[in-house]
Structure formats: structure tokens, C-alpha cells
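Heads up: the structure comes next, in C-alpha cells.
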Number of protein chains: 2
Amino acid sequence: MPIQPSRNPSSSASETPVRGQRADARHNRARLLQAAREAYALNGADVPSSTIARRAGVGAATLYRHFPTRGSLIAAAFSEQLAECVAALDEALRDDDPGRGLWSVLTKVCRMQVEDRGFSAAFLEESPDDPDLHRERARAEAGLAQLVQRAKNTGQLRKDFDPSDVTLLLLANNGVVRQSPEVSLAASRRLLAYFLQSCRTTDGAPSLPQPAPLRLDDLYGPPHRTG
Amino acid sequence: MPIQPSRNPSSSASETPVRGQRADARHNRARLLQAAREAYALNGADVPSSTIARRAGVGAATLYRHFPTRGSLIAAAFSEQLAECVAALDEALRDDDPGRGLWSVLTKVCRMQVEDRGFSAAFLEESPDDPDLHRERARAEAGLAQLVQRAKNTGQLRKDFDPSDVTLLLLANNGVVRQSPEVSLAASRRLLAYFLQSCRTTDGAPSLPQPAPLRLDDLYGPPHRTG
DNA sequence: CCACAAATGGAAGAGGTCCTCCGCTTAGCG
DNA sequence: CGCTAAGCGGAGGACCTCTTCCATTTGTGG
């Protein structure tokens with residue numbers, strides 16, 4: 001059963017200010033979100049909360065009142081980007097040409113990873129554990145699977161491509177992104193080019209090893225913390 | 001001018017204990033190195049020094065006397081792996097089939113990244129700033145360039161492959177590695193398969209975008225620290 | 001076996017982040 | 001305009017890591 005493009009992609013609860021709070025509180029909340037986005041974009045999400053509070057021109061307590069946990073701030077700060085991803089995916093699903101749709105999604109998301117280091121943190125590294133985020137990730141996963149299947153059907157995508165390979169690309173691209181902006185952009189483009197080229201159907205090509213069980217919603221904290 | 005395979009690949013000064021120190025000091029040094037390697041292998045190099053000292057069964061001061069800076073410990077702990085890389089490269093340079101040599105180096109290094117999270121830290125993320133390390137990285141860079149050129153000459157490697165693409169692969173693979181060991185292994189294998197497939201000469205293939213200026217010796221700290 | 005310097009370990013200072021408490025300010029309603 | 005509670009900021013406690021200091025232990029050459 002095909003997924004319906006979502007009607008209002010930016011309805012994430014985290015983004016919508018709570019009704020009935022005082023005007024100054026609403027204002028401060030907005031300033032905090034903006035400060036967080038700016039700070040995260042630069043070097044990822046490992047920024048002291050105090051820095052974000054200072055940039056927003058509010059005290060630490062205000063930050064913690066609005067966003068009790070680290071994850072809630074991250075989730076709220078990136079619900080906009082999440083919406084952008086969902087929109088890109090919806091658009092791709094509407095495209096008559098599934099191959100073009102898939103390339104376009106991959107290109108867009110890779111570019112977002114380059115342009116905003118916090119984006120990767122929000123979706124791959126940190127684990128905000130926000131219900132909205134989980135739901136949207138699951139939706140994205142399903143939409144991607146559908147898009148992948150269609151692209152296989154049209155013969156634009158190799159048959160042994162696995163939806164988890166999208167996650168694989170995102171992780172790989174994330175690894176490439178920790179350089180200066182210009183270098184990151186060039187590196188990401190080149191990585192994507194290599195990847196896409198192998199993804200296209202090449203009948204004589206050797207088959208790939210087993211796909212890795214990478215589901216977006218399983219990716220957690222920096223790594224697999226043991227010890 | 002072709003590079004000569006190095007005669008004694010494991011002569012890194014960091015590995016060789018200083019002559020003339022007391023037997024217990026030499027012993028503790030060895031215990032520290034082993035503890036560091038074990039701790040780093042698990043989750044990368046962001047392990048508190050105190051943990052390493054405790055695991056080695058020595059006090060914190062002892063650690064700092066032997067390895068005054070974080071970088072010196074990391075560099076010393078991974079000089080063995082570095083030697084392994086250099087050996088793999090030397091072996092590849094001796095191989096009659098440059099393509100096979102190159103694939104083998106890439107496969108080996110990717111696998112090392114999977115099996116030892118500290119390895120990546122030592123070579124890509126942290127900046128131990130050890131003279132030995134710099135020298136060996138430069139040597140590796142040169143050897144790789146040579147191997148790449150040979151593989152192009154035999155027609156096994158696409159003409160627009162750039163030596164920096166090896167670094168690109170290492171970074172990408174590093175991004176894929178932060179999962180459980182089994183998942184990481186599968187993911188890394190699959191990524192490598194995708195990459196290698198595009199690297200093989202395919203005359204009709206679309207050309208790649210500009211290579212990214214990624215030299216092993218330019219990669220620094222987590223990222224491009226601004227702010 | 002002894003004396004002495006090398007080497008050690010634990011304590012403690014410095015620095016940084018997370019988060020909470022609490023007295024003060026101010027928006028918003030009547 | 002004035003009351004009230006929502007909201008605020010900064011101080012400070014808990015925790016963690018890095019690094020140094022120093023009294024004590026221990027290997028070793030004579």
C-alpha cells in the first residue's frame with residue numbers, strides 16, 4: 001500500500017510553540033531554537049548548553065525550562081530540517097521517474113549533511129528519542145523502501161540494492177563531512193558520484209555482499225557504548 | 001622515482017622503549033600501551049586517561065610521565081597498526097598486479113578500521129602530531145599515489161581516480177563504523193564493494209566531479225573547529 | 001647489603017559542563 | 001493601575017576529566 005504524501009509536513013509538535021504561554025516565554029523559546037540551530041550548524045551538536053543560552057541572550061535556567069533534556073532541544077531545533085527531508089521524499093514519490101526521484105533525494109540529503117553539521121547529529125549520532133522524530137523516521141524509511149522498489153521496477157536501480165544502503169550512504173557521507181565547508185562539499189559530491197554510479201543497473205557487475213542491517217531508527221549515540 | 005619498501009617497518013620511535021630506564025618503568029610503559037590499545041579499540045580514543053591508568057594498574061602520574069600528552073600515547077599505541085598499514089602498502093607495491101595490490105590495501109585498511117575504532121581516531125580524527133606519524137603518513141601518501149598511477153597504467157583503475165579518493169574512502173568508511181561490530185563489518189564490506197565497483201575502469205561511465213583536496217596529513221581534530 | 005636516585009600512586013587543584021534552586025522581574029488580566 | 005503568578009537570571013552544587021605535586025616505595029650499581 002503506497003504511502004500518502006503527508007499533508008502538513010511541518011506539524012512537528014516540537015516546532016509549534018505551546019499556546020497560552022506568555023509572550024516573553026514564546027519569544028525566548030524562539031531565540032533559543034535559533035541560537036541552537038546556528039551553533040549546531042557550525043560544529044555539530046557537541047556545544048555546551050550554556051553557550052546556546054548565552055547566544056540566545058537568556059539564562060541557563062530558561063533554556064532548561066523550555067527544553068528539559070539535551071535531546072528535546074536537538075529534536076526541536078531540527079524539526080525544520082526533518083520537514084525538509086520529508087518534503088523532498090514526498091516530492092520524489094510524486095515524480096514520474098523514480099530513479100530521478102531517488103537521486104534527487106540522496107543528493108539533497110547529502111547536501112544538507114554538508115551544510116549543517118548538526119543535521120547529522122540530530123538524525124544519526126545523538127538519540128533525541130523524540131516521538132515525532134521516531135514516527136517521521138519510520139515514515140521516511142517506508143517511503144524510501146517504496147521509492148527504491150519503484151526504481152528497481154523501472155530498471156534504473158540494480159536489483160540487489162537494499163533500502164538500508166541509503167542509510168549506509170548517509171553514514172558514509174557523514175564521515176566525510178567533518179572538514180572545512182569547501183572541502184566537505186567537494187568530498188561529499190565525489191562520494192555521492194561514486195555511489196550513484198554503482199547503484200545504476202549494470203548487468204555484468206559482480207554482486208554485492210550482504211546488506212548491513214542499518215535501519216534509520218536503530219542508529220544510536222556516537223557508538224555502541226560498551227565498557 | 002619509485003619508493004623503496006621500507007626495510008624495518010616497525011622502527012617507530014614511540015614503540016621502542018627508551019634504553020636505560022628501570023625495569024619496572026619499562027614494564028609499566030608496556031602495560032600502559034596495552035591498556036590504551038584495548039580501551040581505544042572498543043570505542044575510539046575518547047577514553048579518560050584515568051581509565052587507561054586504572055586498567056594498566058598504575059597511577060595517573062605514571063601515565064603522564066611516560067606519555068606527557070594525549071597525542072603521544074595515541075601515537076605510541078597505534079604505531080603497531082601504522083606499521084601494519086605500511087607493510088600492506090609495501091606488499092602491494094611489490095605485487096605484479098597493481099590493481100590487486102590496491103584493492104588489497106583498501107580492503108585491509110577498511111577492515112582495520114572496523115576492528116579497531118581507535119585506529120581511525122589515531123589516523124583521521126585526533127592529531128597526535130607525532131613526527132614519526134607525519135613522516136609515515138607522507139610515505140604512505142607517496143606510495144599510494146604510485147600504486148594508483150600503476151593501476152591506471154594497467155587499465156584497472158579509471159583515469160579520473162585521484163589518490164585523494166583513498167582518503168575519501170577512509171573517511172567514509174570511518175563514518176560507517178560506529179555501530180556494533182557485526183553491523184559495522186557488513187556495512188563496511190558493502191560500502192567498499194560499491195566503491196571498488198565504481199573505481200574499476202568503465203569507459204562509458206560519466207566523469208566524476210572535482211576530487212576533494214583531502215591529504216592524509218591535513219586531516220585534523222574532530223573537525224574544522226570554528227567559534 | 002646499602003644508599004640513592006628513579007619511579008610510583010594517590011591526593012588535590014584547575015577547569016569545564018550539566019542542571020537546580022531561589023529571590024527578583026514583568027506580562028497580562030481585571 | 002495594581003495584583004499575581006509565570007517567567008527570569010545568575011549563583012552554586014554535583015560531577016567529570018586533566019594535570020601536577022610530593023611523600024613514599026623500590027630497583028639497582030657498587
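Only heavy atoms go into these numbers, but all of them, side chains included; no hydrogens, no water, no symmetry mates. Letters A, B, ... are given to chains in the order of the sequence lines, protein chains preceding strands, and every chain is numbered from 1. No experiment lies behind these values; they were computed from the predicted model shown.
In terms of phosphate contacts, A/Asn28 brings a side-chain nitrogen or oxygen within less than 4.0 Å of OP1 or OP2 of D/dC8. Remark: B/Thr62 is in phosphate contact with C/dG9, judged by side-chain N or O atoms under 4.0 Å from OP1 or OP2.
For C/dA6, its base sits under 3.5 Å from the side chain of B/Arg22 at one donor and acceptor pair at least.
Summary for the helix from C/dC1-D/dG30 to C/dG30-D/dC1: the axes at its two ends, each from 5 pairs, differ by 10° when rounded to the nearest 10 degrees.
Looking at A/Asn28 and A/Thr62, their side chains never bring a donor and an acceptor atom within 3.5 Å of each other.
Salt-bridge formation is detected for the pair A/Arg111/A/Glu115: a Lys NZ or Arg NE/NH1/NH2 atom is positioned less than 4.0 Å from an Asp or Glu carboxylate oxygen.
Between B/Arg190 and A/Gln210 there is no side-chain heavy-atom pair separated by less than 4.5 Å.
Residue A/Tyr64 contributes atom OH, which lies 8 Å from atom C1' of C/dT17 at whole-angstrom precision. Nucleotide C/dG28 holds its P atom 11 Å from the CD atom of A/Gln21, rounded to whole Å. We find that CG of A/Asp24 is positioned 12 Å from P of C/dC29, with the value rounded to whole Å. The CD1 atom of A/Ile52 sits 12 Å away from the P atom of C/dC19 (whole-angstrom rounding). Separating the CZ atom of B/Arg54 from the P atom of D/dC16 is a distance of 12 Å, rounded to the nearest angstrom. Remark: P of D/dG10 and CG of A/Leu63 are 14 Å apart, rounded to the nearest angstrom. Going from atom CZ of A/Arg29 over to atom P of C/dA27 covers 20 Å, rounded to whole Å. Put simply, CG on B/Asp46 is 16 Å from P on D/dC16, counting in whole angstrom units.
When distances run from any side-chain atom of B/Ala25 to the nucleotides D/dC18, C/dG9, C/dA7, the shortest one goes to C/dA7. Taking only side-chain atoms of B/Arg65, from C-beta outward, the nucleotide of C/dT8, D/dT19, C/dC18 with the closest atom is C/dT8.
Counting all heavy atoms, side chain and backbone alike, B/Ala76 lies closest to B/Leu33 at CB-CD2, 3.6 Å.
Judged by distance alone, the side chain of B/Ser120 and the main-chain N or O of B/Asn174 form no donor-acceptor pair under 3.5 Å. No donor-acceptor pair under 3.5 Å is formed between the side chain of A/Ser188 and the backbone N or O of A/Ser184.
Residue contacts for B/Ala61: at a heavy-atom cut-off of 4.0 Å it reaches a base atom on one of the strands shown. Looking at heavy-atom distances under 4.0 Å, B/Arg70 makes contact with sugar-phosphate atoms alone, never a base. As judged by a 4.0 angstrom heavy-atom cut-off over every strand, B/His66 is placed among residues touching the sugar-phosphate backbone only.
Each of B/Thr51 and B/Ala23 has a nearest nucleotide on DNA chain D; the 5'-most of these lies closest to B/Thr51.
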Given A/Arg70 and A/Asp46, is the salt bridge (charged side-chain N to carboxylate O under 4.0 Å, His left out) satisfied, shown in steps? CA-CA 10 Å; A/Arg70 180 183 190 67; A/Asp46 57 350; over 6 Å; no
